[in-house]
Asks: 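Below: one structure in structure tokens.
Quick caveat, the model's predicted, so the values are computed rather than measured. Values below: all heavy atoms of this structure, side chains included; hydrogens, waters and symmetry mates excluded. Order of appearance sets the numbers: ligands from 1, and atoms from 1 within every ligand.
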Amino acid sequence: MSVGIDDISFYSSSLCVPLTELAMRYGVDPDKYRIGLGQEEMAILAVDEDVVTMGASAAWPMLNDENRGNIGTLLFATETGIDQSKSAGVYVHRLLTLDSNCRVVELKQACYSATAAVQMACALVMRQPERSVLVIASDIARYGLGTLGEVTQGCGAVAMLIKSDPRLVEVCPESGCYSEDVMDFWRPNYMDTALVDGKYSTIVYLKALRQSWKHYQQAGGIAFPGFSRFCYHLPFAKMGEKAHRKLAVTCGESMSDALLTEQIGSGLIYNRKIGNSYSASLYIALLSMLENDTEDLSGWNIGLFSYGSGCVGEFFAVTVQPNYQAYSRRKAHVDQLESRQVLSYDEYAVLFGQHSPRIDGEHDFLKMTNGRFRLTGLHDHKRIYIETTVC
Ligand code: HMG
């Protein structure tokens with residue numbers, strides 16, 4: 001039986017800031033961000049959005065009366081937790097009007113947890129092929145104003161329906177993993193911005209890639225020439241390029257600029273405009289590839305590398321299904337990115353100070369998002385979410 005991603009959709013907030021604004025403010029050559037990091041814009045969260053509203057907005061377009069009741073499990077992957085106890089997924093379960101017999105749980109391991117969710121979802125579907133699993137990955141990357149990590153911020157959510165006989169991609173059973181206790185990036189409970197040893201984090205990322213690949217090969221995985229495309233976790237687009245060159249060297253393959261663009265370029269398009277969306281980033285890359293590649297990818301293998309600081313890496317493969325293009329949501333995704341309100345540096349900096357997902361007490365948030373769901377306030381330490389009439 002074949003199991004994999006039957007449908008996929010993303011949502012990234014309704015605001016963004018061009019990185020040229022940050023370059024101007026900090027007196028940095030804009031090419032450092034555009035070429036050096038490969039980024040153009042970063043998505044900025046409105047005050048009335050969070051991982052719940054983004055996750056629900058990502059999943060909403062995929063659901064209908066037919067498939068809603070068939071979802072047996074909702075796995076919510078995030079490292080931007082809003083509560084120490086309650087899963088963010090339980091709020092999403094209500095907003096999406098899922099069946100009360102659906103199980104819900106939140107998963108965490110930095111940017112990696114969505115891949116754990118996908119693998120667990122495939123195992124659940126193998127066990128009960130008539131049921132599907134909704135995987136949602138939703139995150140907000142915040143490092144702080146004036147930090148080196150600032151230009152690699154962003155936010156976004158991706159939702160995937162994992163099913164038997166999937167319409168988009170089959171997830172192949174072989175996978176290679178690598179885990180090691182390292183301090184390259186982390187966020188203690190008392191902080192709302194991440195701590196990071198930036199250069200070290202890129203070194204550990206590449207080490208995890210090499211080790212995961214090695215394990216993947218030992219597990220009987222597809223050899224490098226058997227892949228036509230590759231998608232990587234993208235803290236910034238250039239990291240994907242570095243990773244792909246490193247993997248080619250590891251495999252003794254040569255990698256020209258043209259081949260690099262051919263093999264990973266279509267997967268970088270959305271992330272360049274969103275920035276780091278942590279757990280969602282790899283799957284937004286996959287979606288970007290399925291929606292923007294100029295070749296028909298049917299029957300082709302795509303290699304996926306998932307990385308979460310701390311750290312866990314996993315390399316695995318998906319095989320693109322015939323006629324996958326028929327289920328594309330490209331227009332909606334492109335429209336969403338193009339209709340974002342563009343902020344100046346000053347507007348972004350004010351918003352950065354206002355937003356605090358861990359704030360307590362009595363608060364009402366201004367309506368700012370044009371998304372389907374919004375966080376209206378916090379009362380008695382309870383988060384209040386509603387579906388808006390404006391979509
Ligand atoms: P930095 O010190 O600002 O950058 O930190 P740099 O000085 O190293 O420059 C970056 C690149 O721009 C360099 O290229 C420069 O040469 C180039 P490279 O040598 O790397 O190929 N450059 C230029 N290019 C063209 N024209 C110019 C120019 N000037 C310079 N004029 C860093 C960059 C990414 C370290 C920083 O932004 C940071 O700390 N970011 C956060 C950490 C991060 O994203 N780490 C990635 C790996 S870890 C990971 O992916 C996990 C994560 O997603 C979290 C999770 O798992 O939850 C982060």
Side-chain angles (χ1 to χ4, degrees), residues 19-20 22-40 42-43 51 77-81 107-117 137-158 178-188 191-210 212 231-246 255 257 260 268 271-272 274-285 304-315:
L19 294 189
T20 46
L22 276 77
M24 231 172 353
R25 172 58 55 133
Y26 296 129
V28 170
D29 180 350
D31 279 351
K32 174 174 176 185
Y33 303 153
R34 192 176 60 84
I35 300 168
L37 295 177
Q39 292 300 120
E40 295 165 14
M42 60 188 188
V51 289
T78 189
E79 59 174 298
T80 319
L107 300 164
K108 177 176 71 182
Q109 174 28 54
C111 303
Y112 166 74
S113 59
T115 298
S138 183
D139 264 313
I140 305 156
R142 279 166 63 86
Y143 294 94
L145 303 181
T147 62
L148 279 181
E150 182 180 9
V151 290
T152 62
Q153 297 177 136
C155 62
V158 70
Y178 179 75
S179 299
E180 185 183 351
D181 181 5
V182 289
M183 296 303 281
D184 61 331
F185 166 105
W186 66 107
R187 182 168 70 83
M191 295 190 70
D192 67 3
T193 50
L195 298 169
V196 64
D197 188 341
K199 294 277 162 35
Y200 177 57
S201 71
T202 62
I203 293 167
V204 185
Y205 176 118
L206 296 175
K207 178 181 177 189
L209 168 63
R210 279 193 315 273
S212 302
C231 291
Y232 293 90
H233 165 55
L234 296 174
F236 48 94
K238 186 74 176 289
M239 192 71 224
E241 295 179 15
K242 282 175 191 260
H244 196 50
R245 288 192 195 282
K246 178 63 78 180
M255 183 55 55
D257 289 352
L260 182 113
L268 307 179
N271 290 274
R272 284 190 204 282
I274 292 172
N276 197 350
S277 54
Y278 289 161
S279 57
S281 135
L282 171 66
Y283 297 94
I284 293 179
L304 269 66
F305 177 63
S306 179
Y307 177 74
S309 284
C311 72
V312 178
E314 181 164 346
F315 193 99

Asks: Quick one: which ligand 1 atoms are inside 4.0 Å of a heavy atom on G308?
Replies: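 The atoms of ligand 1 under 4.0 Å from a heavy atom of G308 are 56 (O).
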
Asks: Between T152 and ligand 1, which residue portion shows a heavy-atom distance shorter than 4.0 Å: side chain, backbone, both, or neither?
Replies: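 The part of T152 near ligand 1 is the side chain, not the backbone.
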
Asks: I want to check something: taking the side chain as every heavy atom from C-beta on, are P235 and T152 in contact at a cut-off of under 4.5 Å?
Replies: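 Side chain of P235 against side chain of T152, heavy atoms only: no contact under 4.5 Å found.
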
Asks: So, is Y205 polar-close to ligand 1, with some N/O to N/O distance under 3.5 Å?
Replies: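 No, since none of the N or O atoms of Y205 sits under 3.5 Å from an N or O of ligand 1.
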
Asks: Identify, for atom 1 (P) of ligand 1, the protein heavy atom at the shortest distance, and state residue, atom and that distance.
Replies: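 Here the closest protein heavy atom is K32 NZ, 3.7 Å.
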
Asks: Short question: side chain of S138, backbone of A157 - any donor-acceptor pair under 3.5 Å?
Replies: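 Checked: no pair found.
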
Asks: Provide the closest heavy-atom pair for A243 versus L206 in the form atom of the first, atom of the second, distance.
Replies: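 Looks like CA-CD2, 3.7 Å.
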
Asks: Is a donor from one side chain sitting under 3.5 angstrom from an acceptor on the other, for S309 and D184?
Replies: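 Present: a donor and an acceptor within the cut-off.
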
Asks: Could you go step by step and tell me if Y205 and F305 meet the ring-ring contact (aromatic ring centres under 6.0 Å, His included) rule?
Replies: CA-CA 10 Å; Y205 176 118; F305 177 63; 5.4 Å; yes

Asks: Just to confirm my output: which protein heavy-atom neighbour is closest to atom 53 (O) of ligand 1, and how far is it?
Replies: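 Checking every protein heavy atom, the shortest distance to atom 53 (O) of ligand 1 gives H233 NE2, 2.8 Å.
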
Asks: May I ask you to identify the nearest protein heavy atom to atom 36 (C) of ligand 1, giving residue, atom name and distance to one decimal place in Å?
Replies: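 Looking only at protein heavy atoms, the one closest to atom 36 (C) of ligand 1 is L148 O, 3.5 Å.
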
Asks: Looking only at protein heavy atoms, which one is nearest to atom 2 (O) of ligand 1, and how far off is it?
Replies: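 Nearest neighbour among protein heavy atoms for atom 2 (O) of ligand 1, to 0.1 Å: K199 NZ, 3.2 Å.
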
Asks: Going by distance alone, is a donor N or O of one side chain under 3.5 Å from an acceptor N or O of the other, for D139 and S277?
Replies: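 There is no such pair between these side chains.
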
Asks: Against E314, only a single residue in Y178, Y307, Y112 fulfils side-chain contact (heavy atoms from CB on, under 4.5 Å); can you say which?
Replies: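 Only match with E314 under side-chain contact (heavy atoms from CB on, under 4.5 Å): Y112.
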
Asks: I need the minimum non-hydrogen distance between Q153 and A141, along with the two atoms involved.
Replies: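 Between these two residues, the closest heavy atoms are CB-O, 3.2 Å.
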
Asks: Can you list the atoms of ligand 1 that are under 4.0 Å from a heavy atom of E79?
Replies: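 Within the 4.0 Å cut-off of E79, ligand 1 contributes 55 (C), 57 (O).
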
Asks: For atom 25 (C) of ligand 1, what is the nearest protein heavy atom, given as residue, atom name and distance?
Replies: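 In this structure, atom 25 (C) of ligand 1 has D31 O, 3.4 Å as its nearest protein heavy atom.
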
Asks: With ring-ring contact (aromatic ring centres under 6.0 Å, His included) as the criterion, how do Y278 and F185 come out once you've worked through the C-alpha distance, each side chain's angles and the decisive distance to 0.1 Å?
Replies: CA-CA 12 Å; Y278 289 161; F185 166 105; 5.5 Å; yes

Asks: I need the contact type for D29 against ligand 1. Using non-hydrogen atoms and a strict under-4.0 Å cut-off, is it side chain, backbone, both or neither?
Replies: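 The part of D29 near ligand 1 is the side chain, not the backbone.
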
Asks: Would you say E79's side chain and C111's backbone share a donor-acceptor pair under 3.5 angstrom?
Replies: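 Checked: pair present.
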
Asks: Considering only protein heavy atoms, determine whether one is less than 4.0 Å from atom 41 (C) of ligand 1.
Replies: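 Within 4.0 Å: yes, protein heavy atom nearby.
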
Asks: Between T80 and I140, is there a donor-acceptor pair closer than 3.5 Å when you use the side chain of the first and the backbone of the second?
Replies: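 Present.
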
Asks: Which atoms of ligand 1 have any heavy atom of V196 under 4.0 Å away?
Replies: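 Near V196, the atoms of ligand 1 are 42 (C).
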
Asks: Before signing off on this row, confirm whether A110 and ligand 1 have an N or O atom pair separated by under 3.5 Å.
Replies: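 In this structure, A110 places no N or O atom under 3.5 Å from an N or O of ligand 1.
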
Asks: In the protein, which heavy atom is nearest to atom 58 (C) of ligand 1, and how far is it?
Replies: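 Of the protein heavy atoms, Y143 OH, 3.4 Å lies nearest.
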
Asks: Ignoring hydrogens and angles, tell me if any N or O in the side chain of E40 forms a donor-acceptor pair with the backbone of L19 under 3.5 Å.
Replies: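 No, E40 side chain to L19 backbone: no donor-acceptor pair under 3.5 Å.
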
Asks: Of H233, R142, Q39, which is the lone residue that meets side-chain contact (heavy atoms from CB on, under 4.5 Å) with N276?
Replies: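 When H233, R142, Q39 are each tested with N276, the side-chain contact (heavy atoms from CB on, under 4.5 Å) holds only for H233.
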
Asks: Is there at least one pair of N or O atoms, one from Y278 and one from ligand 1, spaced under 3.5 Å apart?
Replies: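 No: no nitrogen or oxygen of Y278 is under 3.5 Å from one in ligand 1.
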
Asks: Examine C111 against ligand 1 and note whether any of their N/O atoms are separated by less than 3.5 Å.
Replies: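 It does: an N or O of C111 is found under 3.5 Å from an N or O of ligand 1.
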
Asks: Got a protein heavy atom sitting under 4.0 Å from atom 16 (O) of ligand 1?
Replies: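 False for atom 16 (O) of ligand 1.
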
Asks: Determine whether any heavy atom of K242 lies closer than 4.0 Å to an atom of ligand 1.
Replies: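 Yes, that is the case, since the closest heavy atom of the residue is under 4.0 Å from the ligand.
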
Asks: Nearest protein heavy-atom contact for atom 45 (N) of ligand 1: which residue, which atom, what distance?
Replies: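 The answer is S201 OG, 2.8 Å.
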
Asks: Tell me whether R245 is salt-bridged to D257, with the criterion being a basic N under 4.0 Å from an acidic carboxylate O.
Replies: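 Yes, R245 and D257 are salt-bridged.
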
Asks: So, regarding N276 and ligand 1 (criterion: nitrogen or oxygen to nitrogen or oxygen, under 3.5 Å), is there a contact or not?
Replies: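 Such a contact does occur with ligand 1.
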
Asks: Would you mind reporting whether Y232 and L209 have side-chain heavy atoms less than 4.5 Å apart?
Replies: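 Sidechains of Y232 and L209: in contact.
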
Asks: Say whether T202, considering both its backbone and side-chain N or O atoms, lies within less than 3.5 Å of an N or O atom on ligand 1.
Replies: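 No, no N or O pair falls under 3.5 Å.
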
Asks: For atom 33 (C) of ligand 1, which protein heavy atom lies nearest, and how many Å away is it?
Replies: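 Here the nearest protein heavy atom works out to L37 CD2, 4.2 Å.
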
Asks: Looking at ligand 1, does E150 have a heavy atom less than 4.0 Å from it?
Replies: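 No.
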
Asks: With respect to S309, determine whether any N or O atom, backbone or side chain, lies less than 3.5 Å from an N or O atom of ligand 1.
Replies: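 Yes, S309 has an N/O under 3.5 Å of an N/O on ligand 1.
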
Asks: With atoms numbered from 1 as shown, which atoms in ligand 1 lie under 4.0 angstrom from a non-hydrogen atom of K238?
Replies: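 Matching atoms, with element in brackets: 21 (O).
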
Asks: If you measure from atom 34 (C) of ligand 1 to every heavy atom of Y307, F236, Y33, which option wins on shortest distance?
Replies: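 Heavy atom nearest to atom 34 (C) of ligand 1 belongs to F236.
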
